[in-house]
There are 2 protein chains.
Amino acid sequence: MKRNTWQREAVRTALSASEGFVSAQALHSALRDGGSSIGLATVYRALSDLATEGEADALQQEGESIYRACTPGSHHHHLICRNCGLTIEIEADAVEQWAKTVAAEHGFISPNHVVDVFGLCAQCSARLPSS
Amino acid sequence: MKRNTWQREAVRTALSASEGFVSAQALHSALRDGGSSIGLATVYRALSDLATEGEADALQQEGESIYRACTPGSHHHHLICRNCGLTIEIEADAVEQWAKTVAAEHGFISPNHVVDVFGLCAQCSARLPSS
DNA sequence: ATCCTATTGATAACGAGTCTCATTATGGTT
DNA sequence: AACCATAATGAGACTCGTTATCAATAGGAT
């Protein structure tokens, strides 16, 4: 039976307070800096629970998992600034359909898909020298 | 100056011989099993070189990088069987356009994107009990 | 208030990948 | 063909994200 602990709630809150995607370690540091005594393992556990329950989205970057609080129940993808991490949720029925179609055409069933777009947001592209 | 060694060639060959995506460790084991004395670090180096030069595609799965020999010079995505690893290269101009458009609409520049479709291939879906 | 047990947290363990550095061998030069 | 500067190799140490262990703690149903 699932229990409600202040630790899980703290992770949920801290995640919501973050702008873009954050790593478990970063979130743990933030919580500790805020005076919490939460353990690192607990942060990992809470984050993977949230991801499983659909309250957070996860993606892999440079070998680590990063998480973000997301509007639950809606299937969407992300447009992510690769400099500052600013993230915008995007929906794209066309892409969903395309994925289904392409899978079916090759005899694949129960398709999943990973779709993410990275770029430099307006602010960062203005602030940075052209790369 | 870049040198040609039998080790790099061995990695290239072993990669081409693999059906789907393989991890560096798996490729290293395969080479060792085949009698090669190649070192693990060298396999890692060769694979990341191949990926940089566009001779191989890489993607992240469960926290590890997996690689596959790919038709060089062509931008494409993958349809991957999540059971047997069978991989089909797919092209999708519509998705490329969509990614560019969606980025531009939000003021993002120099967009990248990650697009992969996973599913069960015909063989595996026939062989496995329905999940 | 009591009990059962899910959850916590400190730390050990694990695993993918990188770094170090002495040794090897490639490929241009003579 | 012999030489040499140096790129590449490989064994193992190391880093670092993540998971497992396990005794202690604290939900929550009764």
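Here is the naming used below: chain letters follow the sequence lines, and residue numbers restart at 1 for every chain.
Nucleotide dA16(C) holds its C1' atom 13 Å from the CD1 atom of I66(B), rounded to whole Å. Following rounding to the nearest Å, R8(B) (CZ) and dG10(D) (P) show an atom-to-atom distance of 11 Å. When rounded to the nearest whole Å, the span between CG of L27(B) and P of dG17(C) equals 12 Å. In this structure, L31(A) places its CG atom 11 Å from P of dG9(C), rounding to the nearest Å. In this structure, NE2 of H28(B) is placed 7 Å from P of dA11(D), rounded to the nearest angstrom. One can place CD of Q61(B) at 13 Å from P of dA16(C), the figure rounded to the nearest angstrom. The distance between atom CG of N4(B) and atom P of dT24(C), rounded to the nearest whole Å, is 22 Å. Between M1(B) atom CE and dT26(C) atom P there is a gap of 13 Å when expressed in whole angstrom units.
A side-chain N or O of T71(A) and one of S74(A) form a donor-acceptor pair less than 3.5 Å apart. For the residue pair Q25(A) and Y44(A), a side-chain donor N or O sits within less than 3.5 Å of a side-chain acceptor on the partner. Defined by atom type and a distance below 3.5 Å, a donor-acceptor pair is present between the side-chain atoms of H75(B) and E96(B).
Proximity of S65(B) to the phosphate of dA16(C): no side-chain N or O atom is located under 4.0 Å from OP1 or OP2. For dG10(D), one of the phosphate oxygens OP1 or OP2 lies less than 4.0 angstrom from a side-chain nitrogen or oxygen of T42(B). Between Y44(B) and the phosphate of dG17(C), there is a side-chain N or O to OP1/OP2 separation shorter than 4.0 Å. Between dA26(D) and T5(A), no contact under 4.0 Å exists linking OP1 or OP2 to a side-chain N or O. Distances shorter than 4.0 Å separate none of the side-chain N or O atoms of Q7(A) from OP1 or OP2 on dT7(C).
In the interface, the side chain of R45(B) is not paired with the base of dG17(C) through any donor and acceptor atom under 3.5 Å apart. Evaluation of atom-type donor-acceptor distances gives a pair under 3.5 Å for the side chain of R3(A) against the base of dT5(C).
Aromatic ring pairs are classed by plane angle as parallel below 30°, tilted from 30° to 60° and perpendicular above 60°; the pair H78(A) and F21(A) is perpendicular.
Taking only side-chain atoms of E64(B), from C-beta outward, the nucleotide of dG27(C), dA16(C), dT8(C) with the closest atom is dA16(C).
Within the nucleic acid shown, S37(A) comes within 4.0 Å of sugar-phosphate atoms alone, with no base atom in reach, counting heavy atoms only.
The residues K100(B) and E105(B) are annotated as not salt-bridged, no charged nitrogen and carboxylate oxygen being separated by less than 4.0 angstrom.
With the nearest nucleotide of DNA chain C identified for both L40(A) and L40(B), L40(A) has the one nearer the 5' end. Nearest-nucleotide positions on DNA chain C for Q25(B) and W6(B) put Q25(B) closer to the 5' end.
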